Amino acid sequence: MTAPHMTPHTPSAAVQVLWAKSGQLSAGTGWLPVLHHLLDVGACAAAILEREPASTRDLLAGDLGVPDTDLAVRWICALAALHDLGKASPAFQHKADVLAARVWKVLPWQNHSESTPHGLVTQKILPPAGSARLELGCGAPRRAGHRLPPRPAAGHAPRPRPGHRN
């Protein structure tokens with residue numbers, strides 16, 4: 001069966017210049033776009049979970065409070081993919097001059113030099129996993145959010161202490 005003709009999607013100029021891995025900074029070569037990195041990580045999570053025993057995926061579904069393992073795997077892959085979303089911020093993009101110059105041509109972030117960790121940026125821009133906004137349409141019951149890390153970037157930045165406002 002032949003797939004229907006699809007018009008290829010051209011990513012926006014911003015998506016084309018935002019970088020996640022700098023490669024050779026001096027030459028500005030070998031860099032990896034943020035979107036590619038996020039998709040790579042989600043795909044790696046899927047490949048890892050595919051190789052895990054079914055009992056592992058069953059445990060994930062139970063821990064997340066979702067009705068089936070396929071949904072649990074989709075949740076984990078989506079959260080893994082979002083872990084470096086903060087790299088698409090001025091706080092990260094200014095770190096490599098050659099690559100930043102490309103970004104500044106497309107986005108109005110010139111003269112940004114604040115050094116905020118990208119994991120913290122990710123935590124601030126994504127809702128907590130238990131919020132209704134993140135769960136909307138994902139098929140996860142409300143209680144699932146209580147079993148997930150506060151935000152997908154929790155591995156990059158310290159988790160808030162109980163009773164501590166962030």
Side-chain angles (χ1 to χ4, degrees), residues 6-52 56 60 64 71-138 140 144-145 147-162 164-166:
M6 294 180 61
T7 305
H9 172 72
T10 302
S12 70
V15 168
Q16 294 179 45
V17 298
L18 292 170
W19 61 277
K21 303 289 182 183
S22 59
Q24 299 174 5
L25 292 178
S26 59
T29 61
W31 63 282
L32 182 69
V34 170
L35 181 59
H36 292 195
H37 175 60
L38 300 179
L39 294 173
D40 286 348
V41 171
C44 287
I48 290 167
L49 290 172
E50 183 179 297
R51 287 164 176 77
E52 286 291 319
T56 300
L60 277 174
L64 294 175
L71 183 57
V73 167
R74 288 194 305 267
W75 262 94
I76 295 300
C77 292
L79 293 172
L82 292 172
H83 87 285
D84 265 349
L85 191 58
K87 286 188 173 184
S89 71
F92 182 84
Q93 292 295 308
H94 81 278
K95 293 183 177 192
D97 293 338
V98 173
L99 297 173
R102 294 177 186 174
V103 174
W104 306 158
K105 289 178 184 175
V106 176
L107 296 168
W109 292 341
Q110 288 87 347
N111 301 320
H112 187 91
S113 61
E114 184 179 334
S115 190
T116 304
H118 68 275
L120 182 60
V121 174
T122 301
Q123 285 189 347
K124 293 294 182 182
I125 60 177
L126 290 179
S131 77
R133 192 171 120 214
L134 188 60
E135 293 175 10
L136 185 63
C138 294
R147 295 184 175 107
L148 296 171
R151 290 177 175 86
H156 282 300
R159 291 177 74 167
R161 294 183 306 274
H164 183 288
R165 295 178 61 96
N166 57 350

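The shown structure was predicted, so the numbers you read here are calculated from the model rather than taken from an experiment.
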Could you state the interatomic distance from CH2 (W104) to CG (D97), rounded to the nearest 0.5 Å?
-> 9.5 Å
Note: C77 and A45 closest approach over all heavy atoms is SG-C, 3.9 Å
Could you grab the distance from atom CG of L71 to atom CG of L60, nearest 0.5 Å is fine?
-> 11.5 Å
Identify, with sequence neighbours excluded, every residue that meets side-chain contact (heavy atoms from CB on, under 4.5 Å) alongside L39.
-> L35
side-chain contact (heavy atoms from CB on, under 4.5 Å) assessment of L49 paired with I76 = CA-CA 9 Å; L49 290 172; I76 295 300; 3.7 Å; yes
All side-chain contact (heavy atoms from CB on, under 4.5 Å) counterparts of A88, not counting sequence neighbours | L18, V34
At their closest point, which heavy atom of G86 faces which heavy atom of F92, and how far apart are they?
-> O-CB, 3.9 Å
L64 side, atom CG; L79 side, atom CG - distance, nearest 0.5 Å | 8.0 Å
Do R102 and Q93 have side-chain heavy atoms sitting under 4.5 Å apart?
-> no
T10 and Q16, any side-chain heavy atoms less than 4.5 Å apart | yes
Look up atom NE2 in H36 and atom CH2 in W31, then write down how far apart they are to the nearest 0.5 Å.
-> 8.0 Å
Shortest non-hydrogen pair, K87 vs A20, comes out as NZ-O, 3.2 Å
So do the side chains of V17 and K105 get within less than 4.5 Å of each other, counting heavy atoms only?
-> no
Residues two or more places apart in sequence or in another chain: which of them pass side-chain hydrogen bond (donor to acceptor under 3.5 Å, both in side chains) with E52?
-> T56
